[in-house]
Amino acid sequence: METDVLELLRPHQNIEKVTIKGYSGTKLPTWTANPSFHKLVSLSLINCKGCRFLPSLGQLPSLKNLMVKGLSEIKSIGDEFFGYTSTMLTPFASLQTLSFTDMLEWEDWLLGYDGDRKAFCNLLELHLEECPKLQGELPDVLPCLVKLVICECKQLDSYLPRLPQLNELELRSCHVRLISSPREVTKLTSLQLSNLSNEYLPECFLVSLRHLVIRHCDLLVSLFEEGQNLPRRLEYVELENCHNLQKLPSLLHTLMSLEVVIITNCPRLESFAGKIFPSNLKALAIQGCSVESLPEAMMNSISSLEYFSIHGCLMLASFPRGSELLPTTFQQLKIEKCPNLEFLPEGMMHISNTSLQVLEIFDCSSISSFPVGQLPDTLKTLTVWNCFNLEALPDIRTSTMLLESLRVGNCTSLKHLPHGLNKLLNLSYFEVDGCHGIECFPLEGLPQNLTKVLILDCENLTFLPKWMQNLTSLQELQLSNCPLITSFTEGGFPTSLVSLDVKDCKNLMPMSEWGLHRLASLRRLTIHGISSNLSYFPQWLLPSTLETLNIVQLSNLESLSPWLQNLTSLENLKVKDCRKLLSLPKEDMPPMLSYLEISECPLSEQKCDLSKIDHIPCTVM
């Protein structure tokens with residue numbers, strides 16, 4: 001029945017795109033291969049699990065894109081696919097992209113070389129993916145093909161076709177014979193290899209290569225065989241999980257087009273001896289390698305370096321010492337999970353360093369201080385996180401620094417924040433989190449242009465920054481788990497606040513003294529786990545501008561009346577773990593309320609008039 005129905009669903013002959021998905025009949029309808037569909041450009045056959053044969057799709061004169069995916073009953077594709085007739089000598093004459101994917105039982109692609117040499121004469125892109133039983137030969141020549149992807153086809157032991165125009169080649173989990181092809185691919189610019197058993201790359205692939213990615217090739221010992229010609233046009237190299245890679249080519253520094261090198265999880269790569277990288281390199285990322293040190297002149301010899309990241313190099317102890325400058329082009333430095341690293345690059349603190357914009361340091365527990373000097377004025381982002389032995393950050397000595405974001409977290413030995421923070425006229429984001437040694441902020445306070453401030457888990461902090469009311473651009477303030485803070489600064493919150501989140505500050509002054517009613521721009525308020533004797537909120541306490549209100553763990557709150565009705569802009573209300581809250585308000589809910597959640601409160605449905613909330617689109621109780 002399903003076959004009959006689909007046969008009768010013949011579309012108009014001017015249709016341009018057809019997708020058949022999830023069809024379970026044993027054969028596809030005859031109209032899918034009818035040449036009368038002279039305008040059909042794109043055909044996708046997806047998860048047609050019962051189909052055993054493909055129709056004669058080669059007869060479709062305008063077909064440019066063909067996808068065959070998940071036809072798990074097909075075992076062989078042969079002459080019937082091409083659809084030779086006496087009047088049609090060139091099957092698939094217009095086809096540009098062909099994809100066979102997830103064909104788990106496909107074993108044979110039968111190619112009759114009398115006619116098939118002419119097939120696919122305009123094919124630009126071919127994908128063979130997840131065809132684990134496919135064997136035999138590929139088409140002998142694909143004269144226009146520019147991209148070839150073969151993945152998870154381990155039984156396919158063919159040589160590559162003749163590919164005079166090929167630009168991109170991706171091979172993953174395939175037979176090694178594919179990469180051992182004796183045929184040159186002289187226009188190949190991009191090569192991606194994964195899960196192959198080669199020890200080095202054949203020279204025939206290197207003539208025009210610009211982009212090289214190698215992943216999960218455990219037998220790879222060296223990129224190139226000793227003495228072979230290197231790809232002089234190479235621009236990008238990425239090596240990942242090559243567990244036996246021991247060294248980089250000694251002449252790598254001669255590849256003057258090379259701009260990006262990324263090396264990830266190559267544990268036997270222990271050193272970068274000598275002048276290993278070319279001077280034109282712009283980006284270098286090293287992750288999960290066993291390097292103990294970096295070459296003395298590495299930073300200086302790479303005169304064009306803009307980005308450097310080193311991550312998870314557990315043996316790295318230091319950057320090169322000395323007074324060398326960083327390259328004048330240097331913009332970003334990221335150091336992460338290097339627990340034995342004791343010293344940062346001295347050059348980054350030099351007054352002549354005029355380009356550094358981003359400095360991020362994570363999980364470097366042996367760093368105790370920054371180098372002598374001052375941070376460059378060009379720095380825009382500074383993040384220091386999980387550096388447990390860091391005792392001090394550099395003071396801010398100039399008002400010309402462009403710093404926009406400053407984040408310090410889990411630096412438990414840090415005794416104080418940098419002096420001169422108020423000079424950072426461009427600072428908009430400031431966060432201090434889990435710094436238990438900090439007791440107070442610098443006397444001069446924070447810069448006026450801040451828009452977001454987070455002060456979290458500072459257990460020994462006793463005072464908030466002075467003159468917070470002068471932060472006239474501040475829109476978001478979060479204060480969490482600072483149990484020693486008893487009051488906000490004189491003058492209260494800045495009236496520009498849009499969002500305020502106060503959590504687990506047990507000793508704060510009563511909420512009636514916070515001055516929340518003066519915050520005419522406040523849209524979002526969260527109050528969580530503070531000591532409060534309020535059994536209800538007076539009508540004047542909260543501003544009517546609130547749109548979202550979260551109330552959590554207010555142990556004495558008994559009623560949502562009468563203040564709730566006054567919040568005429570309120571759209572979202574969440575009340576959680578308020579153990580004395582026994583009933584819903586007697587008055588009507590705010591008119592704009594669209595989400596109400598009340599949980600872990602001892603409300604009794606018998607005591608609640610649920611008609612008060614049945615108009616709210618979303619309620620959780």
Side-chain angles (χ1 to χ4, degrees), residues 305-309 319 325-336 344-364 367 369-387 390-411 414-435 437-438 440-456 458 461 464-468 470-478 494 496:
L305 195 64
E306 297 176 1
Y307 173 87
F308 180 47
S309 169
F319 282 86
L325 301 177
L326 295 178
T328 57
T329 56
F330 200 65
Q331 297 179 17
Q332 297 185 54
L333 175 60
K334 183 174 182 179
I335 308 169
E336 185 171 0
L344 296 169
E346 294 186 356
M348 73 181 194
M349 303 296 288
H350 198 281
I351 195 171
S352 299
N353 190 339
T354 57
S355 298
L356 187 62
Q357 297 181 22
V358 178
L359 175 58
E360 297 180 319
I361 306 169
F362 298 90
D363 300 287
C364 295
I367 293 176
S369 63
F370 274 61
V372 176
Q374 67 183 58
L375 293 168
D377 284 352
T378 54
L379 194 65
K380 293 183 178 181
T381 299
L382 175 60
T383 302
V384 184
W385 215 268
N386 290 341
C387 297
L390 183 66
E391 297 178 355
L393 290 169
D395 291 335
I396 309 301
R397 302 179 185 176
T398 171
S399 61
T400 57
M401 181 181 274
L402 300 177
L403 196 66
E404 298 172 355
S405 172
L406 174 58
R407 301 176 63 231
V408 185
N410 293 334
C411 297
L414 194 66
K415 301 300 181 185
H416 59 82
L417 292 167
H419 291 287
L421 288 178
N422 63 315
K423 299 177 182 178
L424 299 173
L425 302 181
N426 293 284
L427 193 67
S428 61
Y429 183 97
F430 175 71
E431 179 179 359
V432 55
D433 185 348
C435 297
I438 294 178
C440 62
F441 283 83
L443 293 175
E444 58 268 21
L446 298 177
Q448 290 189 3
N449 291 325
L450 278 168
T451 60
K452 185 172 182 177
V453 172
L454 283 69
I455 304 172
L456 314 172
C458 295
L461 184 66
L464 291 177
K466 287 188 174 182
W467 303 301
M468 287 194 65
N470 294 333
L471 304 182
T472 53
S473 298
L474 190 63
Q475 296 186 11
E476 183 173 347
L477 174 61
Q478 291 186 32
S496 57

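Along the sequence shown, residues are numbered consecutively beginning with 1.
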With a 4.5 Å heavy-atom cut-off, do Tyr307 and Val358 have their side chains touching? no

Test Thr451 against Ser428 for side chain to side chain contact (heavy atoms under 4.5 Å, CB included), laying out the working first. CA-CA 5 Å; Thr451 60; Ser428 61; 3.7 Å; yes

Separation between CG (Leu450) and OG1 (Thr472), nearest 0.5 Å, reads 10.5 Å

To the nearest 0.5 angstrom, please state how far the CG atom of Leu375 sits from the CG atom of Leu402. 12.5 Å

To the nearest 0.5 Å, tell me how far Leu403 CG sits from Leu427 CG. 5.5 Å

Give a yes or no answer on whether the side chain of Thr378 reaches the backbone of Leu356 with a donor-acceptor pair at less than 3.5 Å. yes

Looking only at heavy atoms, what is the nearest atom pair of Phe441 and Ile455, with distance? CZ-CD1, 3.6 Å

Just to verify, what does Lys452 make a salt bridge (Lys or Arg N to Asp or Glu O under 4.0 Å) with, not counting sequence neighbours? Glu476

About how many Å separate CG of Asn426 and OG1 of Thr400, when rounded to the nearest 0.5 Å? 10.0 Å

Which heavy-atom pair separates Met349 from Pro394 by the least distance, and what is that distance? CE-CG, 3.8 Å

Listed partners of Arg407 passing side chain to side chain donor-acceptor pair (under 3.5 Å), at least two apart: Glu431

Please round to the nearest 0.5 Å and tell me the distance separating atom CD of Glu391 and atom SG of Cys411. 11.5 Å

Write down the atom of Leu333, the atom of Pro345, and the distance for their closest heavy-atom approach. CD2-CG, 4.0 Å

Nearest 0.5 Å, what's the CH2-CD distance between Trp385 and Glu360? 11.5 Å

Only pairs under 3.5 Å count here: list side-chain donor-acceptor contacts from residues 416-425, not counting sequence neighbours, and write none if there are none.
none

When Val453, Ile438, Leu454 are each screened for side chain to side chain contact (heavy atoms under 4.5 Å, CB included) with Val432, the one that passes is Ile438

Derivation and outcome, side chain to side chain contact (heavy atoms under 4.5 Å, CB included), residues Leu344 and Ile361: CA-CA 10 Å; Leu344 296 169; Ile361 306 169; 3.7 Å; yes

Minimum heavy-atom separation for Cys458 to Gly434, with atom names? SG-N, 4.4 Å

Would you name the heavy atoms of Pro371 and Met348 that are closest together and state the gap between them? CD-CE, 4.0 Å

Which pair of non-hydrogen atoms, one from Leu471 and one from Ser496, has the smallest distance, and what is that distance? O-OG, 3.5 Å

Evaluate the side-chain proximity of Tyr429 to Thr381: yes if any heavy-atom separation is below 4.5 Å, no if none is. no

